[in-house]
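For reference, the structure is listed below as structure tokens.
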Amino acid sequence: MIEITSPVRVRFAPSPTGFLHIGGVRTVLFNWLFARHYGGEFILRIEDTDEKRLVAGATSDILKSLHWIGLDWNEGPDIGGPHAPYIQSERSKLGLYQQYVDLLLAQGKAYKSFVSETELEQMRAEAQAKRVPLRYRGAERDWSPAQVAAAEAQGQPYTVRLKVPLTGETVFHDLIRGGEQISVNNADLYDIVLLKSSGSPVYHLAHLVDDHLMQITHVIRGEEWVPSTPYHIVLYEALGWEPPVFAHVPNILRQDGHGKLSKRKDDVATNRFWERGYLPEALANYLALQGWSYDDHTEIMTQAEIIERFTIDRVQRSPARWNPDKLRDMNGIYIRKLTPEAVAARILPYLADAGLVSTPPTEAETAYVSRLAPLIHERLEELSEAPALLDFFFHEVSYPEPTALIPKKMDAAQTVAALQAAHAALAEVAEWNEAQLETTLRDLAPTLNLKTGQLFGAIRVAVTGRTATPPLFETLGALGQERSLARLIAAAQVLG
RNA sequence: GCCUCCAUAGUCUAGCGGCCUAGGACGUCACCCUUUCAAGGUGAAGAUCGCGGGUUCGAAUCCCGCUGGAGGUACCA
């Protein structure tokens, strides 16, 4: 077991090639929790070394997502810090990466490779046909300075590749696997590119130089990085630097278990969870439990509790599957923990989006929503469900099927009679409150020879247009006397 | 194909040699509560701990093999 010594410094280094997806958030979350648990520092860095895949606006979108989920950072592109800049393209301009490439070249630990991309593609195709891996080891790794100079003199473009040992094995330890060793035969490796022919660094070089310069102590990243870690070890050795401690967290798999979550195929854009009605604290709690657990029964935890309890040794080795049902359930639990005022405030934007209230809502609308929020509070699993649950409070109801108005074990005539009787009784109610409504209607049922449930059911459908609603008296109370009476008449007329 | 990692119910997980006749949660089903729907309560079904060998007095837990899954196999990250 590898000891964790403070102070720790960890980082999250997304590449701005699109929105941040939920799997990425889980990885950041683990980094952040680790840093906070050990009282260390969490650094945000943007890795935009892939000019081709850069997406405009992606960086600010990623920062927004991270803030929304409740994370903060000690150093980053937006707030700066002692190791600024925190954007690789800017660091590249400073010659930060080039200087180490020059050093490796001078020491014979890297070499200029003159094969073109098309040649490489051809070689790859040939290797594939023979069903053997390419494992490119450039002939240039043994060229004399004169040969290199000659090629350069001809103006041939080149990449700089790392001279990865041909024999022996490379080993490293992984915190999540209990500090156990992962080893690979160097013969299975190839000479990775450090510097593209465009002169810009490749991830392997850039992130490693940055991690070292930024004094990162622990690299917590997705397990898709396990195969490239040996290269990083070789590079650290070549540079004469002490490697950080590695912890590769398992991926989150798609619902069907086939493959990891993908931006294209799955609805996992972090910034979409708000519109889908999720509370950031619920999402964070759920995500913390994807691959990490505290004990055999604790699931709902505050951010402070998770920070206090989070340790890497309790992170799972095997991948988890994305489980929307569980997330929904957890979101419902968090919604129920909200105060009624908070629920009102949180559903208002969704009602506005649905056109049920104005944008921005008027004072009267806001007050009315506060009145309604308690009615659906515990019925909500996603905030976005609020409009569908409350729409009949905002516009008139229509009854698609007249028969839908008739409760079980009743006929049309009985229903019309019940609605008319209810209308008459409710018209007499002087104080329109739940207690009054309840006594009035409870007393009415036996006079009609109906069970209370039958009478209430008839009124419910007449007034709301549906069979499942918040409790009847609360509903009538919030709807008001005038509208309630009007709907009873309308429903009775539909049944004729 | 090759390399690496992983393996407890449909899903997320507890378990780190005897406390396990395998615990919790989601989902499913039933019942209770009840004016409907929820919420809440109670309970049930669901795992030969992937399979096969070992080690041991004793294995879900340690070792090996197999199988299955995932990841990687770029001048992407």
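Bear in mind the structure is a predicted one, so any value in this text is a computation, not a measurement. Chain A is the first sequence line, chain B the second, and so forth, proteins listed ahead of strands; every chain is numbered from 1.
When rounded to the nearest whole Å, the span between CH2 of A/W322 and P of B/U11 equals 17 Å. Spacing between atom CD of A/Q454 and atom P of B/U36 amounts to 12 Å, rounded to whole angstrom units. Atom pair A/L194:CG and B/A77:P shows a separation of 12 Å (rounding to whole Å applied). Rounded to an integer number of Å, the gap from A/H258 NE2 to B/U11 C1' is 14 Å. In this structure, the CH2 atom of A/W292 is 12 Å from the P atom of B/G15, given to the nearest Å. Distance A/N251 CG to B/U4 C1': 13 Å, rounded to the nearest Å.
Note on A/K112: every side-chain N or O is 4.0 Å or more away from OP1 and OP2 of B/C75. A sub-4.0 Å separation between OP1 or OP2 of B/A74 and a side-chain N or O of A/R124 is present. Contact check, A/S293 against B/A14: a side-chain N or O comes under 4.0 Å of OP1 or OP2. Taking 4.0 angstrom as the limit, A/R221 places none of its side-chain polar atoms (N or O) nearer than this to OP1 or OP2 of B/A77. Side-chain nitrogen and oxygen atoms of A/R321 include at least one within less than 4.0 Å of the OP1 or OP2 phosphate oxygen of B/U11.
Screening A/R137, A/R161, A/K163, A/R135 against A/D191 for a side chain to side chain donor-acceptor pair (under 3.5 Å) leaves a single residue, A/R137.
In a base pair of the Watson-Crick type (N1 to N3 plus N6-O4 or O6-N4) or a G-U wobble (N1-O2 and O6-N3), with each distance short of 3.5 Å, B/C51 is matched with B/G65. The partner of B/U42 is B/A30, judged by Watson-Crick or G-U wobble contacts that both fall below 3.5 Å. Base pairing of B/U73: its partner is B/G1, meeting the Watson-Crick or G-U wobble criterion (both donor-acceptor distances under 3.5 Å).
Summarising the local packing, NZ of A/K451 is surrounded by 12 or fewer heavy atoms from other residues, nucleotides or ligands at distances under 6.0 Å.
Side-chain atoms of A/D102 and A/Q98 form a donor-acceptor pair, as typed in the model, at a separation below 3.5 Å.
Checked for salt-bridge contact, A/R11 and A/D210 miss the test: no charged N lies under 4.0 Å from a carboxylate O. Between A/D174 and A/R317 there is no salt bridge, since none of the side-chain N atoms of the basic residue sits less than 4.0 Å from a carboxylate O of the acidic one. Salt bridge A/E385/A/R328: present, at least one basic N to carboxylate O contact under 4.0 Å.
Closest to the side chain of A/R314, from the set B/A77, B/A39, B/G15, is B/G15. When the nucleotides B/G1, B/U36, B/U35 are ranked by their closest atom to the side chain of A/T469, B/U36 comes out on top. For A/E299, whose side chain is taken as the heavy atoms from C-beta onward, the closest listed nucleotide among B/C76, B/G24, B/G1 is B/G24.
Going from the P atom of B/C19 to that of B/U35 covers 49 Å, rounded to whole Å.
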Are there any protein N/O atoms within less than 3.5 Å of an N/O atom in nucleotides 27-33 of chain B, and if so, which ones and at what distance?
none

